[in-house]
There are 2 protein chains.
Amino acid sequence: MSEDELTKLVKTLKALANPIRLRMIASLAEEPKHAYALAKEMGLSYPLAHLHLKGLRKLGLIEEITPETKTEGRPPSKTYSPSDFELVLNPSKILETVKEGIV
Amino acid sequence: MSEDELTKLVKTLKALANPIRLRMIASLAEEPKHAYALAKEMGLSYPLAHLHLKGLRKLGLIEEITPETKTEGRPPSKTYSPSDFELVLNPSKILETVKEGIV
DNA sequence: AATATATATAAAGAATTTCTTATATAAAAG
DNA sequence: CTTTTATATAAGAAATTCTTTATATATATT
């Protein structure tokens, strides 16, 4: 059930096509943090933040990092950071993606 | 009512986050054509094709071109071609976009 | 012990997007 | 003059996405 490139691209674009998710990536780019702190900072309910983060993580746009410097003595918390992704899109790239496999 | 960069980016990403619209751009990149021909080629109803094209045109992702070589003697028809856009997106760019205006 | 921090998920409702059907117009070809 | 090519839009249905509310669990601080 290997997914084609076009489907994958559409999923990635959908994940990015949302102001909350973009602001999440921006915030985590400034400083990695965990879901709860991010939710509070952004004025979102935790379940909503969790849902958006889940979507971003699923597509590999953010990842869990193991912070060497534990912020406090408090233990279980997943710290998120943006993945080092780069998306470049122009008409030729789109044509290539749509035509994949036919090669 | 000038729209901020983040809103504009989200709109562009939404416009691109759809398989039909991506295939449209790909098809027009291979060869510019008008809406009716594109709809037939892609197996879409004309109203649906028109709707998607309208969205792409509104965001400047495709444009009407005036073809020097009229395909046939048939006159009124808008020929579409992808605009020469390039979207580059990575965590830093997203951070910049989210932070616009604060500069 | 109670409160704040922290995670996770499901269910229901709200909002948005997508798609079809219908309608209208007009010119060229057969 | 009927069919094919061509454009444009509106209304409603269908599907998807987004958001809230509720529930459950567990540790740390006060």
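Per chain, numbering begins at 1; letters A, B, ... match sequence-line order.
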Problem set entry | Short side-chain N/O contact to C:dT7 OP1/OP2 from A:His50, under 4.0 Å | no
Problem set entry | Any residue of residues 22-33 of chain B with a heavy atom less than 4.0 Å from an atom of DNA chain D | none
Exercise. After noting the C-alpha distance and the side-chain angles of A:Glu63 and A:Arg57, does the key distance pass the salt bridge (charged side-chain N to carboxylate O under 4.0 Å, His left out) rule?
Worked result: CA-CA 6 Å; A:Glu63 51 195 32; A:Arg57 196 179 31 183; over 6 Å; no
For this session: Taking only the side-chain heavy atoms of B:Lys78 (C-beta and beyond), determine which of C:dT7, D:dT7, D:dA8 contains the nearest atom.
Result: D:dA8
Which atom pairs, donor and acceptor, lie under 3.5 Å between side-chain atoms of residues 22-29 of chain A and protein residues at least two apart or in another chain?
unit_1  : atom_1 : unit_2  : atom_2 : d
A:Ser27 : OG     : A:Lys33 : NZ     : 2.8
A:Ser27 : OG     : A:Glu41 : OE2    : 2.7

Can you tabulate the close N/O pairs, meaning under 3.5 Å, that link protein atoms to atoms of nucleotides 15-21 of chain D?
unit_1 : atom_1 : unit_2  : atom_2 : d
D:dT17 : OP1    : A:Lys14 : NZ     : 3.1
D:dC18 : OP1    : A:Asn18 : ND2    : 3.2
D:dC18 : OP1    : A:Arg21 : NH2    : 3.3
D:dC18 : OP2    : A:Arg21 : NH1    : 3.4
D:dT19 : OP2    : A:His52 : NE2    : 3.1

Exercise. Does A:Tyr46 have any ring-ring contact (aromatic ring centres under 6.0 Å, His included) partners at least two apart in sequence or in another chain, and if so, which?
Worked result: A:His50
For this session: Report yes if a side-chain nitrogen or oxygen of B:Tyr36 is closer than 4.0 Å to either non-bridging phosphate oxygen (OP1 or OP2) of D:dT7; otherwise report no.
Result: no
Problem set entry | Summary of salt bridge (charged side-chain N to carboxylate O under 4.0 Å, His left out) pairs that have at least one residue in residues 85-97 of chain B, sequence neighbours excluded | none
Exercise. Base, sugar-phosphate, or nothing for A:Ala35, non-hydrogen atoms under 4.0 angstrom?
Worked result: sugar-phosphate
Exercise. Considering heavy-atom distances to DNA chain D, does B:Lys54 or B:Lys40 have its closest nucleotide positioned more toward the 5' end?
Worked result: B:Lys40
Problem set entry | Gap between atoms CZ and P, on A:Arg57 and C:dA8 respectively (whole Å) | 6 Å
Seminar exercise, completed: Applying salt bridge (charged side-chain N to carboxylate O under 4.0 Å, His left out) to A:Lys40 and not counting sequence neighbours gives none
For this session: Could you state the atom-to-atom distance from NE2 of A:His34 to P of C:dA8 in whole Å?
Result: 12 Å
Exercise. CD of B:Glu41 versus P of D:dA6: gap in Å, rounded?
Worked result: 13 Å
